[in-house]
Participant: 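For reference, the structure I am asking about is given below.
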Amino acid sequence: MRVSLIVTVKNEASSMGAFLDSVAAQTRLPDELVIVDGGSTDGTLEIIRAHPLDVLLESTPCNIAGGRNRAISLASGEVIAVTDAGCLLDPGWLERISDLRGADVVVGGYEPVVERLFDACQYAMHNLFRSSKSIDRFAISSRSLAFRKVVWEELGGYPEWLDFSEDTWFHNKIRASRFAMRMEPSAVVRWHMRPGYRAIYRQFFLYMQGDGKARQHTRRHMIRLAAYGGGVLMFCLSLSRPLWLLPLSAGFCAYLWQPVRNFRRLGLYPLSAKAMATMLAMLVTMDCGKIFGYISGLNSSVSHPADQPRPEK
């Protein structure tokens with residue numbers, strides 16, 4: 001079947017060349033590469049036009065969901081492969097992820113680029129060491145995904161009323177649909193994680209703001225909010241009764257257990273005091289971003305999904 005690789009970009013000049021080179025190095029080249037630019041001002045368009053790859057390129061102001069929907073509407077392939085411009089594709093990625101084998105959706109793998117201790121700690125905090133044996137437990141990402149175009153048509157596409165967490169919304173609709181899914185962990189893409197704490201906070205604030213707007217994963221967010229509320233209460237009580245520091249410390253240790261386990265499984269750096277302190281600081285940074293982002297999303301007014309036009313076929 002004809003395979004279209006679609007990407008939406010905005011100000012990706014620093015990574016665009018390497019991404020296009022990884023597409024050109026695929027063992028199975030896409031029948032077409034469709035890129036929608038959401039309004040780059042940093043030279044991204046010039047890099048795309050200068051690359052030897054044949055690209056169907058359109059530039060139009062849009063968010064990520066709108067760019068993906070527009071790219072898919074322009075694509076002529078029966079199979080749509082989706083990734084992000086900031087990623088590097090393993091040479092066999094497209095060949096593996098576009099081999100549907102009777103499925104309607106193929107979920108690929110993804111791994112971060114680890115170049116320093118900060119990256120390893122961040123990888124451990126993301127908890128991407130999930131079981132590859134059960135698709136129900138795997139965090140699907142549109143940086144590594146392929147599906148029949150009819151899936152997108154029938155489900156209404158990516159939600160353009162969401163600026164962030166739009167892929168989670170679409171993936172949840174796929175999970176709840178009649179379409180057959182399978183995993184292909186060997187179809188791997190790699191990406192660079194955030195360079196510092198401020199960028200990490202912003203990342204999770206925006207993601208969870210999307211969750212709040214979409215009213216998704218509410219139970220998970222309420223548990224997190226209750227846990228931190230309880231932690232603040234115990235800290236306040238410890239000011240007069242220091243014994244309250246014991247359950248507070250025990251709670252943090254239990255919370256850090258999984259990231260520490262992930263860090264040790266990664267095996268790139270020894271589990272030092274610096275690594276532990278870095279993961280603890282990341283944990284608080286991420287959770288603050290998640291809590292305040294979700295609250296911000298709940299307070300946002302967005303158009304109801306039913307009011308949104310279905311994607312053009």
Side-chain angles (χ1 to χ4, degrees), residues 1-9 12 15-37 44-45 47-58 64 67-113 128 132-133 135 138-155 157-158 167 170-171 174 177 179-192 311 313:
M1 291 185 288
R2 185 174 174 82
V3 177
S4 300
L5 174 59
I6 70 101
V7 184
T8 181
V9 302
E12 292 281 357
S15 61
M16 200 70 232
F19 168 74
L20 292 173
D21 288 344
S22 74
V23 174
Q26 292 295 293
T27 55
R28 190 254 196 251
L29 291 174
D31 294 292
E32 63 179 355
L33 172 58
V34 184
I35 299 179
V36 171
D37 179 85
T44 297
L45 291 171
I47 293 172
I48 295 172
R49 291 178 179 131
H51 200 276
L53 276 174
D54 186 17
V55 179
L56 174 56
L57 176 63
E58 180 174 295
I64 298 172
R68 284 183 174 141
N69 285 339
R70 181 57 182 160
I72 297 171
S73 71
L74 294 171
S76 62
E78 298 171 75
V79 176
I80 305 296
V82 187
T83 191
D84 291 333
C87 293
L88 297 173
L89 314 180
D90 272 10
W93 176 77
L94 188 61
E95 181 177 2
R96 292 167 181 153
I97 206 164
S98 62
D99 183 8
L100 300 181
R101 298 185 202 169
D104 302 301
V105 181
V106 178
V107 176
Y110 51 94
E111 299 174 359
V113 176
L128 299 178
S132 60
K133 298 178 181 179
I135 200 167
F138 190 75
I140 303 173
S141 172
S142 278
R143 66 168 62 94
S144 186
L145 187 68
F147 46 81
R148 299 182 192 274
K149 191 172 183 178
V150 67
V151 174
W152 172 82
E153 292 171 345
E154 290 196 15
L155 298 182
Y158 288 89
D167 55 347
F170 183 58
H171 304 153
I174 293 176
S177 72
F179 294 108
M181 304 172 66
R182 77 171 185 86
M183 293 188 65
E184 186 51 71
S186 64
V188 175
V189 303
R190 292 179 172 82
W191 88 101
H192 290 273
K313 296 183 181 181

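What you are looking at is a predicted structure, and each value in this text was computed from that prediction instead of being measured.
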Participant: Does the side chain of L20 reach to within under 4.5 Å of the side chain of L33, using non-hydrogen atoms?
Facilitator: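 Heavy-atom side-chain distance check passes, below 4.5 Å.
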
Participant: Measure across A75 and I80 and return the closest heavy-atom pair with its distance rounded to 0.1 Å.
Facilitator: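 Where A75 meets I80 most closely, the heavy atoms are CB-CD1, 3.8 Å.
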
Participant: State which residues pass side-chain contact (heavy atoms from CB on, under 4.5 Å) with S142; sequence neighbours excluded, sorted by chain then number.
Facilitator: R68, V82, L145, Y158, D167, H171

Participant: For the CG atom of D37 and the OG1 atom of T8, what is their distance to the nearest 0.5 Å?
Facilitator: 7.5 Å

Participant: Is there a side-chain contact between H51 and M16 in this structure, where contact means two heavy atoms from C-beta onward sitting under 4.5 Å apart?
Facilitator: no

Participant: Are any of the side-chain heavy atoms of L100 and M1 separated by less than 4.5 Å?
Facilitator: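 Touching, per the 4.5 Å side-chain cut-off.
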
Participant: Measure the spacing between CD1 of I135 and CD1 of I140 and express it to the nearest 0.5 Å.
Facilitator: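 So the CD1 of I135 and the CD1 of I140 are separated by 5.0 Å.
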
Participant: If you apply the rule side-chain contact (heavy atoms from CB on, under 4.5 Å), what do you find for V3 with R28, and how did you get there?
Facilitator: CA-CA 10 Å; V3 177; R28 190 254 196 251; 3.5 Å; yes

Participant: Can you see whether T44 engages E12 through a side-chain donor-acceptor pair at a distance of less than 3.5 angstrom?
Facilitator: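 Per modelled atom types, T44 and E12 side chains form no pair under 3.5 Å.
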
Participant: So how far is it from E32 CD to I6 CD1, rounded to the nearest 0.5 Å?
Facilitator: 11.0 Å

Participant: Can you tell me how far apart OG (S186) and CG (D90) are? Round to the nearest 0.5 Å.
Facilitator: 9.0 Å

Participant: Among residues at least two apart in sequence or on other chains, which ones pass salt bridge (Lys or Arg N to Asp or Glu O under 4.0 Å) with E184?
Facilitator: R101, R182

Participant: Quick check: do L89 and L94 have side-chain heavy atoms less than 4.5 Å from each other?
Facilitator: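 Not touching, per the 4.5 Å side-chain cut-off.
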
Participant: Is there a side-chain contact between D84 and W191, using heavy atoms and a 4.5 Å cut-off?
Facilitator: no

Participant: Would R2 and E78 count as a salt bridge (Lys or Arg N to Asp or Glu O under 4.0 Å) if you check the C-alpha gap in whole Å, the side-chain angles of each, and the deciding distance to 0.1 Å?
Facilitator: CA-CA 6 Å; R2 185 174 174 82; E78 298 171 75; over 6 Å; no

Participant: Between C87 and S22, what is the shortest heavy-atom contact and its length?
Facilitator: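 Heavy atoms only, the tightest pair is O-OG, 4.4 Å.
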
Participant: Find out whether F147 and I72 are in side-chain contact, i.e. whether some heavy atom of one side chain is under 4.5 Å from a heavy atom of the other.
Facilitator: yes

Participant: Using only atom types and a distance under 3.5 Å, with no angle test, would you say the side chain of T83 pairs donor to acceptor with the backbone of S144?
Facilitator: no

